[in-house]
2 protein chains.
Amino acid sequence: MTYLCDMPRPVEAYREDQTALETVLGKAVAILRSFTPEDQILSLAEIVRRTGLPKGSAHRVAGDLVGHGLLDKAARGYRLSGGMFELGMRASVERSLLELAMPFLQDLYERTHETVHLGVTDGQAVVYVAKIGGHRQANAPSRVGGRMPLHCTAIGKVLLAHADPVDRNTVLSAPLQRRTAHTIVAPGLLRRQLESVLDSGVAFEREESTLGLLCVASPVMGLDGRTAVAAVSVTGPVGRFRPELHATAVRAAAQGISSVIARRADTRSPSSSAGA
Amino acid sequence: MTYLCDMPRPVEAYREDQTALETVLGKAVAILRSFTPEDQILSLAEIVRRTGLPKGSAHRVAGDLVGHGLLDKAARGYRLSGGMFELGMRASVERSLLELAMPFLQDLYERTHETVHLGVTDGQAVVYVAKIGGHRQANAPSRVGGRMPLHCTAIGKVLLAHADPVDRNTVLSAPLQRRTAHTIVAPGLLRRQLESVLDSGVAFEREESTLGLLCVASPVMGLDGRTAVAAVSVTGPVGRFRPELHATAVRAAAQGISSVIARRADTRSPSSSAGA
DNA sequence: TCATCTCATTCCACTGACTGGAACGTTTCG
DNA sequence: CGAAACGTTCCAGTCAGTGGAATGAGATGA
């Protein structure tokens with residue numbers, strides 16, 4: 001019930017819905033993936049509902065996962081464990097990106113005192129790698145590890161503008177989901193915006209994903225200097241917040257991160273995009 | 001070769017070394033766990049060496065993990081994928097703790113401009129959940145998702161002081177590993193320190209885990225007000241950094257987080273400690 | 001240039017780990 | 001107090017998974 005949210009279900013991105021529910025591993029991954037960023041605890045019944053696994057199997061595999069320390073057994077069900085968190089933090093790309101970027105994000109926050117995001121592309125969505133903000137930031141629905149569509153967020157537009165043309169066209173030719181009255185759903189308009197992003201080095205978003213929120217973003221370039229490996233953004237509420245005024249600061253932060261990446265050429269930026 | 005570090009290998013904590021390498025799931029988890037925070041890319045041969053799996057099996061399971069999006073196949077081997085990062089970030093306890101704590105950590109950083117940590121206990125080690133700092137913080141060896149022993153870090157001492165007596169005694173009765181010349185290896189001395197931590201609400205560390213580093217930490221209390229669910233710390237270099245001067249700020253940040261936790265009593269803080 | 005490593009990948013016949021439906025307790029709720 | 005939903009246990013069949021061996025692909029060195 002409560003997991004119905006308007007963000008794209010991650011499950012859809014991976015096409016393993018039915019692909020491999022017949023192997024142990026497939027079942028295990030399906031169970032792990034049945035947790036959304038909104039969930040704290042999932043009952044066995046809920047897991048069964050979401051994954052479509054037979055009750056018996058779900059029970060057994062979930063139990064095994066607990067045994068392996070990837071799931072915790074709570075009073076009313078299961079939840080992703082600290083061990084899972086630990087493993088996730090060892091994902092090399094995200095972790096090293098985060099470590100390199102953190103000081104710059106920090107600076108950016110201090111300069112603006114608005115919510116700062118760092119995001120990367122995965123499939124056809126933004127995945128947030130970091131989010132820092134003060135006490136007054138209850139509004140933004142983004143969560144670290146959460147997803148948002150590419151076409152209606154500043155970070156997404158930046159990444160899309162610098163993406164491989166094939167991937168960009170894939171997004172532009174599919175129907176652009178409307179999220180608010182301000183969401184850009186006309187491919188032509190969006191394409192023109194993306195072109196100007198390449199010139200200016202920043203993208204804006206004005207209540208296109210969430211009412212009341214404005215955003216500026218700028219790309220973090222990879223080693224080749226062509227493709228963006230990530231993007232930095234500053235978000236604030238309609239009213240006091242003027243995104244244009246922060247464009248320079250955001251651009252500076254993003255370029256700072258880019259140059260640090262360039263300086264230590266061990267973090268390979270793979271061009272591997274979403275698998276067919 | 002390069003993965004030899006003096007931090008406790010997480011593998012030791014879970015006793016699945018040989019326990020269940022015979023099930024698919026066991027193999028999969030073993031492969032995932034064979035990545036340490038230092039590793040970027042692991043070759044198949046290296047995975048085989050660390051896990052002890054037969055080459056054929058390792059190859060097959062690793063391939064399956066790639067298919068399920070938990071591993072990426074890079075040029076020279078495998079690495080933990082962004083999907084893994086995403087999953088890890090959904091671990092409810094760590095994630096909600098992080099979200100609640102972030103604004104306070106932010107404040108603390110702005111006030112001190114020194115490296116700020118947030119850590120929790122897992123087994124008999126500290127696991128870092130957040131680390132924020134500026135450009136001048138290359139020294140601290142800690143990493144988000146990384147581990148450190150309890151007895152030689154400020155965060156560890158705070159958590160130990162507020163831990164279940166049984167767990168505390170387990171640590172105190174085992175030999176305390178020496179990490180520097182300043183590491184406290186005398187159980188009696190450590191126990192006395194822990195007692196004073198309960199009074200003062202802060203713990204100090206002076207080059208006990210890493211030479212040249214000083215640290216203050218304070219506990220984040222759970223709903224019951226007795227046990228600590230996490231701890232906040234500020235770290236700085238010998239010389240300019242005076243930990244005592246930051247004790248108040250650290251305590252304030254930790255208490256701020258504690259009170260937010262208390263205010264929204266949905267985040268259950270389970271008393272479940274490390275399983276036997 | 002060729003020999004000799006090491007690593008990655010493919011193959012295949014055997015087998016026991018995994019399967020999932022059904023039956024049994026337990027809790028929740030009207 | 002029934003009824004419904006949930007969690008747990010059980011078990012015989014079988015197919016997914018197994019791992020040793022052979023082959024291909026690269027790297028190293030003399």
Side-chain angles (χ1 to χ4, degrees), chain A residues 1-4 16-35 39-68 70-81 268 270 272 275, chain B residues 1-3 16-35 39-68 70-81 266 268 270 272 275:
Chain A
M1 308 292 183
T2 58
Y3 74 93
L4 290 172
E16 61 173 18
D17 255 342
Q18 285 81 2
T19 302
L21 278 189
E22 288 156 28
T23 72
V24 210
L25 240 182
K27 289 180 224 270
V29 174
I31 291 178
L32 293 176
R33 286 247 166 76
S34 69
F35 287 81
D39 302 313
Q40 300 272 18
I41 290 181
L42 250 44
S43 69
L44 182 63
E46 186 60 30
I47 291 175
V48 166
R49 229 169 283 128
R50 297 190 187 186
T51 59
L53 287 170
K55 211 200 302 187
S57 302
H59 181 258
R60 178 168 26 85
V61 176
D64 290 349
L65 285 171
V66 172
H68 287 293
L70 296 188
L71 243 45
D72 278 344
K73 184 153 201 170
R76 318 198 149 272
Y78 301 86
R79 87 181 133 206
L80 294 174
S81 74
R268 305 291 177 86
S272 68
Chain B
M1 308 286 187
T2 58
Y3 74 92
E16 61 176 15
D17 255 343
Q18 286 81 0
T19 303
L21 279 189
E22 289 156 29
T23 74
V24 210
L25 240 183
K27 290 181 226 268
V29 174
I31 290 179
L32 293 177
R33 286 245 166 77
S34 69
F35 288 80
D39 301 314
Q40 300 272 17
I41 290 181
L42 250 44
S43 69
L44 182 64
E46 185 60 29
I47 291 175
V48 166
R49 230 170 281 129
R50 296 190 187 185
T51 59
L53 288 170
K55 211 200 301 188
S57 303
H59 182 258
R60 178 166 30 81
V61 176
D64 290 350
L65 285 171
V66 171
H68 286 295
L70 296 188
L71 243 44
D72 279 344
K73 184 154 202 170
R76 320 196 147 274
Y78 301 87
R79 88 181 131 208
L80 295 173
S81 75
D266 51 346
R268 306 289 177 89
S272 65

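Per chain, numbering begins at 1; letters A, B, ... match sequence-line order.
Taking 4.0 Å as the cutoff to heavy atoms of chain A, we find the contact window on DNA chain D bounded by D:dC6 to D:dG17. Contacts between chain B and DNA chain C, taken as any atom within less than 4.0 angstrom of a protein heavy atom, begin and end at C:dC7 to C:dC18.
Remark: A:Asp64 CG to A:Arg60 CZ distance equals 7.0 Å, nearest 0.5 Å. Separation of atoms CG (A:Leu80) and CG (A:Leu70) is listed at 9.0 Å; rounding is to 0.5 Å. Between the OG atom of A:Ser57 and the CD atom of A:Glu22 there is a distance of 11.0 Å, given to the nearest 0.5 Å. In this structure, the separation between CD on A:Glu46 and OG1 on A:Thr51 is 9.5 Å, given to the nearest 0.5 Å. One finds the CZ atom of B:Arg49 at 10.0 Å from the CG atom of B:Leu44 (value rounded to the nearest 0.5 Å).
Checked against B:Leu53 for a side-chain contact (heavy atoms from CB on, under 4.5 Å), the options B:Ile31, B:Val48, B:Val61 give a single hit: B:Ile31.
The two residues A:Arg79 and A:Phe35 have their closest heavy-atom pair at CA-CE2, 3.6 Å.
Both A:Val24 and A:Gly77 sit near DNA chain D, but only A:Gly77 has its closest nucleotide nearer the 5' end.
Residues B:Asp39 and B:Arg50 are paired through a salt bridge, judged by an N-O separation under 4.0 Å between the basic side chain and the carboxylate.
Counting only heavy atoms from C-beta outward, the side chains of B:Leu71 and B:Leu32 approach each other to under 4.5 Å. Within the 4.5 Å cutoff, no side-chain heavy atoms of B:Val66 are placed close to those of B:Asp72.
In the region residues 52-62 of chain A, proximity to DNA chain D at under 4.0 angstrom, judged on heavy atoms, holds for A:Lys55, A:His59.
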